[in-house]
Amino acid sequence: TTSGSGTYTATFSTAYSLSPNIQANIVGGTPNQFITMTVSTTGFTTTVYQRNTVNLLGVEVLLGTTIVVSGANVDVLITEK
């Protein structure tokens, strides 16, 4: 679950020789939410963001600004290269 700042950080107990492949998915999120991720040989950090919408003349439009999502549930799959 993401923190109040929208991040989830994990440290590997044993460092990988190369940064592993990591796939993260938001569980129960909305279509307007997305993840950014930084990966190293010793761990990773994900941040969940949401792009808010506005209704303009009856059409829902995505705004350019984003906010972090605290409390988001994230599933992570890690595979070694």
Side-chain angles (χ1 to χ4, degrees):
T1 302
T2 58
S3 68
S5 60
T7 61
Y8 175 80
T9 301
T11 303
F12 306 132
S13 56
T14 303
Y16 286 87
S17 55
L18 296 170
S19 296
N21 293 317
I22 299 181
Q23 176 184 336
N25 293 302
I26 303 167
V27 178
T30 69
N32 297 347
Q33 292 178 346
F34 62 96
I35 295 176
T36 61
M37 181 177 294
T38 349
V39 181
S40 72
T41 58
T42 57
F44 66 92
T45 299
T46 65
T47 305
V48 178
Y49 294 96
Q50 178 170 309
R51 189 172 303 278
N52 289 328
T53 61
V54 64
N55 196 310
L56 181 64
L57 300 173
V59 177
E60 189 174 53
V61 179
L62 288 174
L63 296 174
T65 57
T66 59
I67 58 170
V68 294
V69 179
S70 63
N73 292 315
V74 179
D75 275 350
V76 178
L77 173 66
I78 303 169
T79 55
E80 192 169 7
K81 288 184 180 177

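- Atom OH in Y8 sits 10.0 Å away from atom OG1 in T45 (nearest 0.5 Å).
- Side-chain contact, T9 with T7: no donor N or O sits under 3.5 Å from an acceptor N or O.
- Hydrophobic clustering (side-chain heavy atoms under 4.5 Å, transitive across Ile, Leu, Val, Met, Phe, Trp, Tyr) groups F12 together with V76.
- Following chains of ILVMFWY side-chain contacts shorter than 4.5 Å, one can reach V54 starting from V59, so the two form part of one hydrophobic cluster.
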If you look only at distance, which donor and acceptor atoms sit under 3.5 Å apart when one is on a side chain in residues 15-40 and the other is two or more places apart or in another chain?
from : atom 1 : to  : atom 2 : distance (Å)
T30  : OG1    : N32 : N      : 3.4
Q33  : OE1    : T30 : N      : 3.3
Q33  : NE2    : Q50 : OE1    : 3.1
S40  : OG     : T42 : N      : 3.2
S40  : OG     : T42 : OG1    : 3.1
S40  : OG     : G43 : N      : 3.4
S40  : OG     : G43 : O      : 3.4

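- Shown here for V68 and Y49, the closest heavy-atom pair between the two residues is CG1-CE2, 3.7 Å.
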